[in-house]
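Every number for a ligand or one of its atoms is a count from 1 in the order of the listing. FYI, side chains are in, hydrogens and waters are out, and symmetry mates aren't considered; it's all heavy atoms of this structure.
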Amino acid sequence: MLIDCPHCQSRVNGTVKGESKVHDDGGYGIKQVLIECPACEASLLGSSEQYPSDYDGNDGRYIYSWSALKRLWPEPEDGPDWEIPEIASVSLDEAKRCFRAQCYSAAAVMCGRAIEGVCKHHKASARNLADGLKHLKTAGIIDTRLYEWGEALRKHRNLGAHASTERVTKEDAQDLVDFAFAICDYVFVLNAKFEKFKKRQSKT
Ligand SMILES: [Zn+2]
């Protein structure tokens, strides 16, 4: 079965050493599979879920398949891209940690802090995050859609940061973390990549 080996830093076709299967309430199967990397012999643990991949019209039944293996151990690194400057990446990292610890309001606050970091990096001399986002938009650093994501982050940051009985839900927190990562990737990683790409094109 295919799985990512962190030691070989590539996708390998590993040998199955064992598996344990369970069914969730919906009747879908979930299995954990112990794999041995064919190259370095490391043990890797992956997880796969059943999903309806096809529909048999004659039988009136769904046909189920197993999803590709997602590595559970060694835990995949899914931290911020190294090109994102520290002023934003430390908050992104903490946002993810808060989310994993089920501290959803704290995760929202950290997402807002990451975007504040983006503003600071771009010297958006703003008094607050709302001004900072406007500055990023007028300077052409983010487009309208990212501005809207940033605004959503800002509002939830406020919800998380100020004393109230309202809670940030798990779903909202997940989206906010995704938005914060996407904004930083766009501003620091993709923009730089596109600039380099344009430079290469102009040379040829
Ligand atoms: Zn390996």
Self-check item: Worked check of salt bridge (Lys or Arg N to Asp or Glu O under 4.0 Å) between Glu116 and Arg113
Solution: CA-CA 5 Å; Glu116 258 171 14; Arg113 193 162 174 257; 5.7 Å; no
Quiz item: Which protein atoms of type N, O or S are found under 2.8 Å from the Zn ion (ligand 1)?
Solution: Cys5 SG, Cys8 SG, Cys37 SG, Cys40 SG
Exercise. Tell me, please, whether Phe188 has Lys193 positioned over its six-membered ring: NZ or CZ under 6.0 Å from the ring centre and within 45 degrees of its axis?
Key: no
Exercise. Take atom CD of Glu86 as the centre, draw a 6.0 Å sphere, and report whether it contains more than 12 heavy atoms from other residues, nucleotides or ligands.
Key: no
Quiz prompt | Geometric cation-pi criterion, Lys170 with Tyr104: 6.0 Å, 45° | solution = no
Quiz item: If you measure from NZ on Lys21 to CD on Glu19, what distance do you get to the nearest 0.5 Å?
Solution: 5.0 Å
Quiz item: Do we see a donor-acceptor contact under 3.5 Å between the side chains of Glu195 and Asn191?
Solution: no
